[in-house]
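Values below: every heavy atom of this structure, side chains too, minus hydrogens, waters and symmetry copies.
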Number of protein chains: 2
Amino acid sequence: MEARAPRPGVPVRGSGSGRPVMAALDLLGRRWTMRILWELSQAPAGFRELQRRCERMSSSVLSTRIEELTDARLLALDGDGYHLTPLGQGLVEALKPLGAWSRRWAEEMGPATEGGPE
Amino acid sequence: MEARAPRPGVPVRGSGSGRPVMAALDLLGRRWTMRILWELSQAPAGFRELQRRCERMSSSVLSTRIEELTDARLLALDGDGYHLTPLGQGLVEALKPLGAWSRRWAEEMGPATEGGPE
DNA sequence: CCCTCCTGCTTCGATTTTCGAATCACTATG
DNA sequence: CATAGTGATTCGAAAATCGAAGCAGGAGGG
């Protein structure tokens, strides 16, 4: 197949430099990528279960993302389904402050927009 | 305009819950968004300079992203051009560990991607 | 063996997003 | 008036995403 995952050291879309952080921004900037990592950090899941957890995202894109993330060594498949590699877990760790920030964001946006969680 | 920026508390694509982190993942998962924040964290920039810095990204998308990020209160425009709000600076801070992780990623991918360039 | 149900995964036409060059409106300067 | 700068829009084309249907393979039962 032809899907190409961004890799550090290789120029990616949006940056000819191949700087690691740009490759990461390219990879993570594709739809569903961060969500998939987020879900798998909660618990491993098989293909269909992962699809279910991500609001029934399209199987074709899920397949592509799985391939990209596997190429990037962030994901692996075994008997229990897909799970994060240590590298992938490290990425999720690095993304954790984002969760904290988003709550602060909600607080500052919220007073004007708060209507009701579900 | 009709472009809709994700906001915490409002259901977004990929998640009906409106949980802050899902709104953040939606916003950041759009192409160029993180790159724009990254560039503005280095220095404020006007519209065209920002476009130049982002490898000449299309002006139509830049305009859309600016609107989204402004709606989300992460960006503002003044005499010096576009710059991050304190909230936006907080997001970039939250994203900093990603830079560190990406260097580790590069180290682990690099040695083993032997043979590799295409 | 055959049938059913599960799995990961592919195919393909329709929809949405992004692209990018041209262009607009406005301001300032000569 | 002409030129050049700004932020921003338009629109046809290209790329990414969607989503329902289907494929191949394995496990279990009749």
Side-chain angles (χ1 to χ4, degrees), chain A residues 1-6 11-16 22-23 25-37 39-40 43-72 74-85, chain B residues 1-6 11-16 22 25-37 39-40 43-72 74-84:
Chain A
M1 62 188 43
E2 83 298 343
R4 282 246 144 281
V12 291
R13 104 188 139 180
S15 174
M22 291 304 164
L25 289 176
D26 182 11
L27 182 62
L28 297 177
R30 298 176 180 185
R31 196 173 277 178
W32 294 111
T33 301
M34 287 196 286
R35 176 69 179 268
I36 289 168
L37 294 169
E39 291 295 339
L40 288 182
F47 188 96
R48 286 166 198 268
E49 183 191 338
L50 189 52
Q51 184 181 13
R52 255 174 263 129
R53 279 208 233 154
C54 292
E55 326 277 324
R56 304 174 197 282
M57 69 174 291
S58 65
S59 54
S60 48
V61 175
L62 177 54
S63 184
T64 301
R65 292 294 171 270
I66 284 175
E67 184 190 2
E68 291 167 355
L69 291 172
T70 301
D71 278 359
L74 308 182
L75 235 65
L77 175 63
D78 67 6
D80 294 329
Y82 293 99
H83 59 93
L84 297 179
T85 63
Chain B
M1 241 284 182
E2 86 298 336
R4 287 217 142 306
V12 292
R13 107 187 136 181
S15 174
M22 290 304 164
L25 290 176
D26 183 11
L27 182 62
L28 297 176
R30 298 176 180 184
R31 198 179 249 173
W32 294 112
T33 301
M34 287 197 285
R35 177 68 180 269
I36 289 169
L37 293 169
E39 291 295 339
L40 289 181
F47 188 96
R48 285 164 197 271
E49 184 191 337
L50 189 51
Q51 184 181 14
R52 253 175 267 128
R53 280 209 232 153
C54 293
E55 327 278 324
R56 304 174 197 283
M57 69 174 292
S58 64
S59 55
S60 47
V61 175
L62 176 55
S63 186
T64 301
R65 292 292 171 270
I66 283 175
E67 184 188 2
E68 292 167 354
L69 292 171
T70 302
D71 278 0
L74 307 182
L75 234 66
L77 176 62
D78 68 5
D80 294 329
Y82 293 100
H83 58 94
L84 296 179

Novice: Is there a donor-acceptor contact under 3.5 Å from the side chain of B/R35 to the main chain of A/D26?
Specialist: no
Novice: Answer yes or no: is there a donor N or O on one side and an acceptor on the other, between the side chain of B/R53 and the main chain of B/E39, under 3.5 Å?
Specialist: yes
Novice: Are B/R52 and B/E49 ion-paired here, with the side-chain N under 4.0 Å from a carboxylate O?
Specialist: no
Novice: Under 3.5 Å, which protein N or O atoms sit close to an N or O of nucleotides 23-29 of chain C? Give each pair with its distance.
Specialist:
none

Novice: In this structure, how many angstroms lie between the C1' atom of D/dA15 and the CG atom of A/D26, rounded?
Specialist: 14 Å
Novice: Over how many whole Å does the gap from B/D80 atom CG to D/dG7 atom P extend?
Specialist: 12 Å
Novice: If I take atom CZ in residue A/R52 and atom P in nucleotide C/dC6, what distance separates them, rounded to the nearest angstrom?
Specialist: 10 Å
Novice: Rounding to a whole Å, what distance do you find between B/H83:NE2 and D/dG7:P?
Specialist: 13 Å
Novice: Send over the distance from B/L62 CG to C/dT18 P, rounded to a whole Å.
Specialist: 13 Å
Novice: Output the distance between atom CG (B/L77) and atom CD1 (B/I66), rounded to the nearest 0.5 Å.
Specialist: 8.0 Å
Novice: For B/E49 and D/dA4, give me the distance from atom CD to atom C1', rounded to whole Å.
Specialist: 17 Å
Novice: Mind calculating the distance between CD (B/E67) and P (C/dT18) to the nearest angstrom?
Specialist: 13 Å
Novice: Is the backbone N or O of A/S60 less than 3.5 Å from a side-chain atom of A/T64, with the two atoms forming a donor-acceptor pair by type?
Specialist: yes
Novice: Atom CD in A/Q51, atom CH2 in A/W32: separation rounded to 0.5 Å?
Specialist: 10.0 Å
Novice: Is A/L69 close to A/L40 at the side-chain level, that is, under 4.5 Å between some pair of heavy atoms?
Specialist: no
Novice: What is the distance, to the nearest angstrom, from the CD atom on B/Q51 to the P atom on C/dG20?
Specialist: 10 Å
Novice: Calculate, to the nearest 0.5 Å, the distance between atoms CZ and OG1 belonging to B/R65 and B/T33 respectively.
Specialist: 4.5 Å
Novice: Between the protein and nucleotides 16-20 of chain D, which nitrogen or oxygen pairs come in under 3.5 angstrom?
Specialist:
{"unit_1": "D/dT17", "atom_1": "OP1", "unit_2": "A/R31", "atom_2": "N", "d": "3.4"}
{"unit_1": "D/dT17", "atom_1": "OP1", "unit_2": "A/R65", "atom_2": "NH2", "d": "2.8"}
{"unit_1": "D/dT17", "atom_1": "OP2", "unit_2": "A/R65", "atom_2": "NH2", "d": "2.6"}
{"unit_1": "D/dC18", "atom_1": "OP1", "unit_2": "A/W32", "atom_2": "NE1", "d": "2.8"}
{"unit_1": "D/dC18", "atom_1": "OP2", "unit_2": "A/W32", "atom_2": "NE1", "d": "3.1"}
{"unit_1": "D/dC18", "atom_1": "OP2", "unit_2": "A/S58", "atom_2": "OG", "d": "3.4"}
{"unit_1": "D/dG19", "atom_1": "O6", "unit_2": "A/S60", "atom_2": "OG", "d": "2.9"}
{"unit_1": "D/dA20", "atom_1": "N6", "unit_2": "A/S59", "atom_2": "OG", "d": "3.2"}

Novice: In Å, rounded to the nearest 0.5 Å, how long is the span from CG of A/L74 to CD of A/E68?
Specialist: 10.5 Å
